[in-house]
2 protein chains.
Amino acid sequence: MQSQVNRRSARPRPSSAVTLQQVAQDAGVSLATASRVLSDSDRNVTQELQERVLEAAARLRYVSNAPARALVQSTTSIVGLLVHDVNDAYYSAIAAGVMEVARDHKLLVMLAGTFHEPALQAEYVARLRAQRARAVILAGSGFTDGSPALAQELEAFAAQGGRVTAVAHQNLPVDTIVPGNREGGRAVAEHLAGLGHTEIGVICGPLALVSVQDRLHGFLERAAELGVVVQEHHRVEADFTRDGGRAAAVRLFRRSPGITALFALNDAMALGALAALRDDLGRSVPADVSVVGFDDLPVACDVTPALTTVRLPLEEIGRRALLLALGDATPSPRTLAVPSRLVVRASTAPPPRTTG
Amino acid sequence: MQSQVNRRSARPRPSSAVTLQQVAQDAGVSLATASRVLSDSDRNVTQELQERVLEAAARLRYVSNAPARALVQSTTSIVGLLVHDVNDAYYSAIAAGVMEVARDHKLLVMLAGTFHEPALQAEYVARLRAQRARAVILAGSGFTDGSPALAQELEAFAAQGGRVTAVAHQNLPVDTIVPGNREGGRAVAEHLAGLGHTEIGVICGPLALVSVQDRLHGFLERAAELGVVVQEHHRVEADFTRDGGRAAAVRLFRRSPGITALFALNDAMALGALAALRDDLGRSVPADVSVVGFDDLPVACDVTPALTTVRLPLEEIGRRALLLALGDATPSPRTLAVPSRLVVRASTAPPPRTTG
DNA sequence: GCACAATGGGAAAACGCTTTCAGTGCGGCT
DNA sequence: AGCCGCACTGAAAGCGTTTTCCCATTGTGC
């Protein structure tokens with residue numbers, strides 16, 4: 001007895017949406033003709049009929065049913081954008097670049113926040129596959145162990161004709177953008193070593209992240225080349241966030257008070273470190289301790305002292321990522337290197353004299 | 001003779017996507033049964049068949065064709081989110097709230113950046129209507145003159161069964177979230193007047209924006225009540241950005257050097273003003289000039305001095321906006337007030353003694 | 001003036017799915 | 001034992017498009 005009620009009330013809606021059929025009727029033409037007028041087909045339609053259809057469509061405020069269209073064409077104008085955290089300036093910047101290209105190409109962007117859960121990442125790719133999205137952009141850095149579930153989903157997506165671009169991922173058989181992480185790490189090492197620092201602390205993000213690994217290894221590599229050894233206990237792993245950076249800085253200085261320079265593997269953590277040095281540790285920057293970040297988020301030049309950091313052209317990365325996915329599929333997978341650049345500001349200086 | 005060939009080769013792509021038909025075949029059941037198993041219908045299917053279908057689906061990595069599904073159900077799990085600028089922390093925060101609720105409700109979010117062009121706003125609503133989106137959230141503040149094109153599109157969208165929530169809009173016949181803009185403005189007036197400021201400059205965003213108007217009027221209203229008159233030439237209109245705020249601050253102080261407090265109508269502009277005071281005007285904050293912002297973006301506590309501002313619970317606004325759109329449609333349109341709160345930090349202090 | 005190509009319009013098929021409707025086999029009741 | 005009803009499966013209709021196929025009409029060359 002309840003099934004009746006349920007079934008009725010479950011019926012979604014009258015859905016009074018205007019259909020092409022109605023437009024055709026209103027214009028006094030066939031369905032086929034109306035379709036030809038409104039969906040820039042290559043078939044010609046008489047001026048006269050064309051106008052009648054256009055007018056009817058405008059009058060009825062007709063917009064074509066995208067799902068129906070997608071069904072018959074088996075493609076859509078949707079692209080997916082996967083990020084770890086929507087409310088992170090790093091991803092906002094990338095997203096801005098993506099949106100720009102999307103606007104120019106009349107594409108719709110589906111934004112998916114994975115909330116740092118790897119499982120959600122694969123799930124979203126599956127859903128995007130279900131949507132028959134044209135492309136997916138993995139903006140968030142990948143994990144060094146390469147999640148197999150994600151790889152499988154991407155494979156299925158590609159098999160279906162979807163395009164994929166990954167940013168800072170490893171071992172994924174898709175077009176990949178390689179930001180100058182390693183190179184940026186090297187530049188930081190050079191800068192700090194050049195200033196005369198020898199006791200350098202490093203605040204890492206999750207070591208499982210590809211970009212963390214690249215930045216760290218670039219840094220260690222170049223530091224070693226320059227004769228600066230970063231001791232194991234001068235490195236701490238932290239959340240890739242402001243709070244993570246703050247806590248890590250405190251931990252690090254409690255352990256090794258002699259540190260004169262701090263390299264945080266992204267700006268968010270550097271901001272936290274700055275706060276910790278100022279509020280928790282009472283050290284002044286750059287007089288007592290130099291601080292370097294990574295990414296060059298807009299905030300970097302608004303803090304005091306302005307943060308020395310490595311600039312990654314994030315919007316450009318977003319643009320390139322989508323463009324790559326929109327380009328020829330033939331010589332795939334390709335990789336595209338995007339260079340980074342050290343930006344020296346006020347947060348770095350030579351180490352204090354070892355007053356004795 | 002050619003028709004044979006054409007029919008095969010004209011098909012857009014092999015589109016090797018797995019269909020439900022194939023799953024059914026693989027499982028040795030009918031299309032209907034497979035559908036019932038995979039689309040949580042209310043009909044029962046034998047344990048045995050259920051397993052066979054599930055197994056086949058997993059083996060073939062089947063995901064249902066969302067457009068096809070949308071076509072028959074005439075609804076989707078898509079919600080649209082319209083913002084003015086993707087790369088603006090204000091919208092990132094709202095978006096984060098929206099994404100959170102979207103994740104919990106298994107919805108897909110289409111993010112549309114209008115790049116401050118009102119025309120794009122209406123166009124995106126139309127495209128979202130074409131997509132049969134379930135709801136649209138207008139996160140960007142509306143214009144006081146209420147764009148008629150947008151209103152029309154929204155009406156059409158609603159007529160089709162779509163839900164709409166607007167944030168800080170006026171005269172739109174849709175559910176609306178009213179952030180405590182006016183109230184926040186009042187709190188700022190009280191704070192500054194209480195400190196003893198009488199020469200207060202205001203850096204406004206575009207006056208056509210509803211939220212700018214609300215913040216400004218709340219401020220002026222309360223200031224007047226407390227006997228503080230903000231002269232016309234102490235108010236400047238600027239871009240709602242950091243650079244806009246910076247330029248405006250310079251302009252304002254050139255014109256009226258006697259100002260002892262500055263109220264920027266959002267944090268981005270306040271940041272610019274801080275930079276201008278420090279780098280261009282050589283005034284110290286808060287000793288010479290007090291500065292107040294609005295929004296309480298995460299940066300606000302990272303700048304020096306930390307910014308006194310009005311906190312708007314942006315993520316909460318995002319969550320509420322989507323929840324509102326997902327709720328009952330019956331008692332619509334509704335309005336939901338979200339309170340703001342003054343957060344006093346280090347950028348405000350009593351005015352300097354009028355040294356004579 | 002007539003076969004023939006070219007042009008443009010309309011009927012109908014197909015896209016992949018959900019859901020209705022009609023069936024089939026089975027157990028329980030009188 | 002026969003019938004009804006129950007529980008399930010499968011065939012088929014339809015969602016709103018695009019696109020094919022076919023037809024009618026017109027213009028063209030001999």
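These figures come from a predicted structure and were not determined experimentally. Only heavy atoms go into these numbers, but all of them, side chains included; no hydrogens, no water, no symmetry mates. Chain letters run A, B, ... following the sequence lines, proteins first and then strands; every chain starts at 1.
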Tightest non-hydrogen contact, residues R134(A) and S77(A), listed as NH2-CA, 4.0 Å
In short, L138(A) meets H169(A) closest at the heavy-atom pair CB-NE2, 3.8 Å
I want to confirm an ordering. Mapping V72(B) and G28(B) to their closest nucleotides on DNA chain D, which one lands closer to the 5' end? G28(B)
Would you please name every residue forming a side chain to side chain contact (heavy atoms under 4.5 Å, CB included) with L120(A), sequence neighbours left out?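 L120(A): side chain to side chain contact (heavy atoms under 4.5 Å, CB included) contacts with T114(A), F115(A), E117(A), E123(A), Y124(A), R103(B).
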Starting at atom [atom1] of [X], determine the distance to atom [atom2] of [N], rounded to an integer number of angstrom.
{"X": "Q50(A)", "N": "dG8(C)", "atom1": "CD", "atom2": "P", "value": "11 Å"}
{"X": "L20(B)", "N": "dG10(D)", "atom1": "CG", "atom2": "P", "value": "13 Å"}
{"X": "L31(B)", "N": "dC17(C)", "atom1": "CG", "atom2": "P", "value": "8 Å"}
{"X": "Q21(A)", "N": "dT18(D)", "atom1": "CD", "atom2": "P", "value": "13 Å"}
{"X": "R36(B)", "N": "dC17(C)", "atom1": "CZ", "atom2": "P", "value": "15 Å"}
{"X": "N44(A)", "N": "dT25(D)", "atom1": "CG", "atom2": "C1'", "value": "16 Å"}
{"X": "E48(A)", "N": "dG8(C)", "atom1": "CD", "atom2": "C1'", "value": "13 Å"}
{"X": "Q22(B)", "N": "dC15(C)", "atom1": "CD", "atom2": "C1'", "value": "13 Å"}

Quick one: which of [options] gets closest to the side chain of [X]?
{"X": "Q73(A)", "options": "dT18(D), dG16(C), dG10(C)", "answer": "dT18(D)"}
{"X": "V45(A)", "options": "dG10(D), dG9(C), dT18(C)", "answer": "dG9(C)"}
{"X": "L71(B)", "options": "dC15(D), dG10(D), dG9(C)", "answer": "dC15(D)"}
{"X": "T19(B)", "options": "dC8(D), dG9(C), dC17(C)", "answer": "dC17(C)"}

Tell me whether the OP1 or OP2 atom of [N] has a side-chain N or O from [X] closer than 4.0 Å.
{"X": "S30(A)", "N": "dA11(C)", "value": "no"}
{"X": "S39(B)", "N": "dT18(C)", "value": "yes"}
{"X": "S35(B)", "N": "dT18(C)", "value": "yes"}
{"X": "S74(B)", "N": "dC15(D)", "value": "no"}

The test is side chain to side chain contact (heavy atoms under 4.5 Å, CB included); show your working for V167(B) and S141(B) and say whether it passes. CA-CA 6 Å; V167(B) 178; S141(B) 169; over 6 Å; no
Under 3.5 Å, is there a donor-acceptor pair between the side chain of R163(B) and the main chain of L324(B)? yes
Nearest 0.5 Å, what's the CD-OG1 distance between Q170(B) and T176(B)? 10.0 Å
For A32(B) and for R43(A), find the nucleotide of DNA chain C with the closest heavy atom, then tell me which residue's nucleotide is more 5'. R43(A)
Check: Q21(A)/Q25(A) side-chain N/O donor and acceptor closer than 3.5 Å: no
May I ask you to list the residues of residues 52-69 of chain A, by number, that have any heavy atom positioned under 4.0 Å from an atom of DNA chain C?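 Heavy-atom cutoff 4.0 Å gives no residues at all.
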Once salt bridge (Lys or Arg N to Asp or Glu O under 4.0 Å) is applied, do any residues pair with R36(A), and if so which ones, sequence neighbours excluded? none
